[in-house]
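Have a look at the structure below, then the notes.
Residue numbering restarts at 1 for every chain, and letters A, B, ... go by the order of the sequence lines.
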Protein chains: 2
Amino acid sequence: MGGPLKMSGKKSPNGSRSDQEGTAEARRGPMREFSRSLPMSLLRAREAVMRQFRPSLRNHGLTEQQWRILRALTAVDTIEVTELARVAFLLGPSLSRILRDLEARDLIERRAAKADLRRGEVSISSKGLKLIEAVAPTSEAIYAEITHRFGARKLAELQDMLGELERSLAAMEVAGEGEAEADE
Amino acid sequence: MGGPLKMSGKKSPNGSRSDQEGTAEARRGPMREFSRSLPMSLLRAREAVMRQFRPSLRNHGLTEQQWRILRALTAVDTIEVTELARVAFLLGPSLSRILRDLEARDLIERRAAKADLRRGEVSISSKGLKLIEAVAPTSEAIYAEITHRFGARKLAELQDMLGELERSLAAMEVAGEGEAEADE
DNA sequence: CCGGATAACTTAACATGTTAAACAAATTTC
DNA sequence: GAAATTTGTTTAACATGTTAAGTTATCCGG
């Protein structure tokens with residue numbers, strides 16, 4: 001498989017464009033607009049940061065999300081699944097799958113809560129703790145390098161703004177919940 | 001669920017924690033540290049923003065990434081797959097899958113480049129263009145509302161900082177490429 | 001008690017992220 | 001110029017994001 005493209009004999013699409021047939025790079029007017037949108041800016045910035053951490057985590061057999069979970073667990077004795085989802089910023093289904101995997105690898109332990117059997121209480125195992133301790137130095141070094149390159153002052157300022165952005169949108173109503181958002 | 005396990009002694013990393021088994025919310029000391037890391041701040045901020053757009057896109061049968069692709073295509077006549085991956089900030093494999101889907105839905109068209117049969121040239125179809133035009137008003141209204149809530153001035157400042165962060169890390173060597181990152 | 005509503009997960013299903021490998025066309029080397 | 005290498009794209013395989021549905025345990029009104 002993997003053959004060449006389908007090369008069906010279609011021709012010039014979008015009849016609403018009255019350009020010449022200049023190369024795409026020749027006129028990227030509105031493209032810049034798109035590329036500078038807030039979601040794209042945030043995405044690229046985050047990727048630039050995570051790009052630094054992923055190889056190290058990978059060398060220790062951890063994904064970013066698995067690391068987030070273990071990291072969160074080091075800060076508490078035990079924590080309920082829902083709370084863990086909140087602090088590690090993961091959706092329930094993702095967390096459920098990852099916990100299953102981490103438990104199979106003996107990096108975490110969990111039991112049912114005595115008072116409410118629906119709730120699961122999770123904690124890091126000693127093996128998980130050792131893993132964290134093995135990864136932490138590199139992670140902290142990378143974080144320090146990032147701080148140094150960007151500037152500690154500016155980093156704090158950036159994080160303040162990000163927090164403020166979050167708060168600005170926290171109360172914002174989400175549009176288009178029903179069906180069509182124009183009218184219906 | 002996981003049966004009862006050994007739960008060895010408290011492993012609180014900062015030794016000064018001698019709580020009973022109070023709820024996790026009761027004492028979130030070091031957790032805040034983790035929660036305030038740069039990657040988490042960026043992730044939460046981006047999620048807060050995208051949360052506003054997703055329902056509207058979903059009502060039009062589009063995911064965020066599909067929207068990014070169509071949006072990028074409206075700015076050009078045709079574009080090569082690699083270039084499209086760059087501007088829409090998607091990895092090749094993701095883009096490949098999504099293009100297959102968008103083509104099947106007749107939202108885009110593609111053909112092989114005359115000069116280099118390896119390259120695929122992609123363009124938006126008139127149907128795709130119509131879809132964009134149907135979604136755009138809502139998206140722009142949401143973006144305007146975000147700008148209003150957060151402040152246009154601050155928004156521009158935030159984006160400047162995000163761009164600067166990107167540039168700061170662009171030249172940073174990625175550690176731990178080989179095997180262990182200590183020495184190799 | 002009991003049966004319906006609610007809550008806390010978990011599964012399912014589909015789309016994307018991520019890395020490695022496969023493939024075919026183009027380019028370079030010998 | 002054919003073999004070896006490189007380049008552009010796709011496939012494969014596994015992990016996560018995202019929404020909906022399923023499960024089991026609690027709660028709650030009668």
Practice task
Let me know the distance between NZ of A/Lys114 and P of D/dA25, rounded to the nearest Å.
Solution key: 18 Å
Exercise for the section: Using the closest heavy atom to pick a nucleotide of DNA chain D for each, name whichever of A/Ala113 or A/Ile98 lands nearer the 5' end. Expected result: A/Ile98
Handout entry: Polar contact flag, side-chain donor to acceptor under 3.5 angstrom, B/Ser37-A/Arg71
Key = no
Exercise for the section: Would you please say whether a donor-acceptor pair under 3.5 Å links the side chains of A/Thr63 and A/Arg68? Expected result: no
Fill in the blank from the handout: note: A/Trp67, atom CH2; D/dT16, atom P; distance rounded to Å ~ 15 Å
Practice task
Search all heavy atoms of B/Phe34 against all heavy atoms of A/Ala72 and return the closest pair with its distance.
Solution key: CE2-CB, 3.9 Å
Exercise for the section: With heavy atoms under 4.0 Å as the rule, sort A/Arg54 into base, sugar-phosphate or nothing. Expected result: sugar-phosphate
Problem - Side chain of B/Gln66 - closest among D/dT16, C/dG17, C/dT16 - result: C/dT16
Exercise for the section: Take atom NZ of A/Lys154 as the centre, draw a 6.0 Å sphere, and report whether it contains more than 12 heavy atoms from other residues, nucleotides or ligands. Expected result: yes
Practice task
Quick one: label A/Leu95 by what it contacts on the DNA or RNA (base, sugar-phosphate, nothing), any heavy atom closer than 4.0 Å.
Solution key: nothing
Exercise for the section: Measure from CG on B/Leu91 to P on D/dG8 and round the result to the nearest Å. Expected result: 16 Å
Problem - B/Leu57 CG to D/dG17 C1', straight-line distance once rounded to whole Å - result: 15 Å
Practice task
Hey, which sits more toward the 5' end of DNA chain D by its nearest nucleotide, B/Ser96 or A/Asp101?
Solution key: B/Ser96
Problem - Main-chain N/O of A/Arg36 paired with B/Gln159 side-chain donor or acceptor, under 3.5 Å - result: yes
Practice task
Could you tell me the separation between the CD atom of A/Glu121 and the C1' atom of C/dC9, rounded to a whole number of Å?
Solution key: 14 Å
Problem - Selection from C/dT18, C/dC9, C/dA13 that lies nearest to any side-chain heavy atom of B/Arg97 - result: C/dT18
Practice task
Using the side-chain hydrogen bond (donor to acceptor under 3.5 Å, both in side chains) rule, take B/Ser123 and B/Arg111 through it: C-alpha gap first, then chi angles, then the decisive distance, then the call.
Solution key: CA-CA 9 Å; B/Ser123 55; B/Arg111 73 189 72 174; 5.2 Å; no
Completion exercise
note: B/Met50, atom CE; D/dT19, atom P; distance rounded to Å ~ 11 Å
Practice task
Grab the CG-C1' distance between B/Leu102 and C/dA15 for me, whole Å please.
Solution key: 12 Å
Handout entry: A/Asp116 side chain, from C-beta outward: closest of C/dT16, D/dT26, C/dC9
Key = D/dT26
Handout entry: Nearest-neighbour nucleotide for the B/Arg119 side chain, D/dG8, C/dC9, D/dT10 considered
Key = D/dG8
Handout entry: Of the listed nucleotides C/dA20, D/dG17, C/dA8, the one nearest the side chain of A/Arg58
Key = C/dA20
Handout entry: Interatomic distance where CZ belongs to B/Phe53 and P belongs to D/dT18 [whole Å]
Key = 15 Å
Problem - Under-4.0 Å side-chain N/O to phosphate OP1/OP2 contact, B/Arg51 with D/dT18 - result: no
Completion exercise
From the candidates C/dT10, D/dT24, C/dT16, the one with an atom nearest any side-chain atom of B/Gln65 is C/dT16
Practice task
Determine whether any donor atom in the side chain of B/Arg118 lies under 3.5 Å from an acceptor atom in the base of D/dT7, or the reverse, and answer yes or no.
Solution key: yes
Practice task
Look at all strands and tell whether A/Thr63 reaches a base, only sugar-phosphate, or nothing, counting heavy atoms closer than 4.0 Å.
Solution key: sugar-phosphate
Practice task
Have a look at B/Ser94 and say if it touches a base, only the backbone sugar-phosphate, or nothing, with a 4.0 Å heavy-atom cut-off.
Solution key: base
Problem - Among D/dT18, C/dA8, C/dA25, the one nearest B/Glu47 by side-chain distance - result: D/dT18
